[in-house]
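In what follows, a structure is listed as structure tokens, so that the remarks can point back to it.
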Amino acid sequence: MRDYYSPMAEFYEMVATRQVASSGPALAAALSGIDTAAGPVVEIGAGTGQVTEVIAAALPQARIEAAEPSSVMRAVLTSRVAADIDLRRRVTVTDGAAPDLPLPPVISAAVIFGVAGHLDEPSRVRLWNRLRQRLAPGGVVVVELMGVRQPRSIPPALSLRDSIGRHDYEWWVAGEPGSDTSMRFTTTWRVYRSGRLLREVSDSYDWHTLDSARLAGESGMATRPAAAATGAGAPEVVVLAPA
């Protein structure tokens, strides 16, 4: 699996902060009441660890396997875990990418945020099958679906603006249909100081569109929406459970 994030990893914390603000409450609600005694929670695509913190807070007794294939992102994840006494006791950081990352024999839950669209349908089906086979009774898979459910043209739009120190940051996103089921996204970060452009960093990647109905058909599991994510344009969070 391609490392989609290292080229822009320096900016990712700003994106992750917004992600947990919008989708974090829905994730916490979806995990509420899960029995974590049978096995760890597996987080696939843990990024820099902000979603990991949401999982740990929602399930204070859980062990967590946090898999992240990007070495740059994983460095931030490991630093976040190492700096927190509770996290470093419970969170194991691994280098692994879906759909073939190593899995514990039994898991209490899986969390897949910002990842599913990086996988084509055969890869997703393989992943759902592997997770379903390992879920403990009562276990769930929580999936964040991004806002684009069908390929369409998206003109360049300012997705995020933030400031750190003397620098102002802008994140621009554009997309075009790549196929009947995929998009080609281009993302651009611009760094300003006092209104003057200092740097511009761009990258492109393919994203396979997915909605909850298709997710249900692929996974062979029952689906239900989690509590609504918050904020304009917030992604949909879906809970999968063996039927």
Side-chain angles (χ1 to χ4, degrees), residues 1 20 23-24 26-70 73-74 77-78 80-82 84-119 121-145 210 212 214-227 237-243:
M1 183 177 177
V20 298
S23 297
L27 172 60
L31 294 175
S32 177
I34 293 295
D35 181 2
T36 60
V41 176
V42 174
E43 182 186 7
I44 299 174
T48 57
Q50 291 206 39
V51 173
T52 314
E53 291 180 321
V54 174
I55 299 168
L59 298 171
Q61 303 303 316
R63 292 174 292 123
I64 302 167
E65 299 274 341
E68 173 52 51
S70 165
M73 301 277 274
R74 197 168 59 250
L77 168 64
T78 302
R80 173 172 268 116
V81 169
D84 184 288
I85 294 174
D86 179 58
L87 291 181
R88 70 184 298 155
R89 177 178 61 85
R90 296 198 286 135
V91 179
T92 300
V93 176
T94 65
D95 174 10
D100 296 313
L101 76 167
L103 293 172
V106 180
I107 62 176
S108 59
V111 175
I112 305 171
F113 267 38
V115 172
H118 287 309
L119 305 174
E121 183 175 352
S123 297
R124 292 194 306 264
V125 169
R126 173 166 168 75
L127 178 62
W128 309 139
N129 287 341
R130 295 183 68 222
L131 293 174
R132 187 178 63 246
Q133 291 165 7
R134 288 165 172 78
L135 275 177
V140 297
V141 179
V142 188
V143 183
E144 182 188 56
L145 298 179
L210 184 65
S212 56
R214 188 166 184 175
L215 179 60
E218 290 180 357
S219 68
M221 290 185 269
T223 65
R224 69 176 190 272
V237 177
V238 178
V239 181
L240 304 176

Tell me, do I44 and F113 make a side-chain contact under 4.5 Å, heavy atoms counted?
-> no
Has the side chain of R130 got a donor or acceptor atom that lies under 3.5 Å from a matching backbone atom of L101?
-> yes
Please round to the nearest 0.5 Å and tell me the distance separating atom CG of L87 and atom OG1 of T78.
-> 11.5 Å
Main-chain N/O of G47 paired to E68 side chain as donor or acceptor, under 3.5 Å | yes
Taking E43 for its side chain and V111 for its backbone only, find out whether a donor-acceptor pair lies under 3.5 Å.
-> no
Apply the test side chain to side chain contact (heavy atoms under 4.5 Å, CB included) to residues V142 and V238: give CA-CA distance (whole Å), side-chain angles for both, the deciding distance (0.1 Å), then the verdict.
-> CA-CA 6 Å; V142 188; V238 178; over 6 Å; no
Minimal heavy-atom distance between A109 and L135, with the atoms involved, is CA-CD2, 4.1 Å
Is there a donor-acceptor pair closer than 3.5 Å between any side-chain N or O of R90 and the backbone N or O of I64?
-> no
Apply the test side chain to side chain contact (heavy atoms under 4.5 Å, CB included) to residues I112 and E144: give CA-CA distance (whole Å), side-chain angles for both, the deciding distance (0.1 Å), then the verdict.
-> CA-CA 6 Å; I112 305 171; E144 182 188 56; over 6 Å; no
Nearest atoms (heavy-atom pairs only) where V91 meets A66 = CG1-CB, 4.0 Å
Considering all heavy atoms, the nearest P104-V42 contact = CD-CG2, 3.8 Å
For E218 against W128, the heavy-atom pair lying closest together | OE1-NE1, 3.1 Å
Considering non-hydrogen atoms only, spot the tightest contact between T52 and A46 and give its length.
-> OG1-CB, 3.9 Å
Quick one: does V143's side chain get under 4.5 Å of V237's, heavy atoms only?
-> no
Keeping the roles fixed (side chain from R124, backbone from L119), state whether a donor-acceptor pair exists under 3.5 Å.
-> yes
Just do the side chain to side chain contact (heavy atoms under 4.5 Å, CB included) check on L77 and T48 with the steps written out, would you?
-> CA-CA 4 Å; L77 168 64; T48 57; 5.5 Å; no
Applying side chain to side chain contact (heavy atoms under 4.5 Å, CB included), run through T94 and E65 and close with a yes or a no.
-> CA-CA 7 Å; T94 65; E65 299 274 341; 3.6 Å; yes
May I ask you to decide if L215's main-chain N or O and S219's side chain share a donor-acceptor pair within less than 3.5 Å?
-> yes
Distance-minimising heavy-atom pair for S123 and P99 = O-CB, 3.3 Å
Under 3.5 Å donor-acceptor, R74 side chain and D95 backbone | no
With distance as the sole criterion, is a donor-acceptor pair present between the side chains of N129 and R132 under 3.5 Å?
-> yes
Can a salt bridge be assigned to the pair D84 and R89 using a cut-off of 4.0 Å between side-chain N and carboxylate O?
-> no
Does any N or O in the side chain of S108 come within less than 3.5 Å of the main-chain N or O of G39, such that one atom is a donor and the other an acceptor?
-> yes
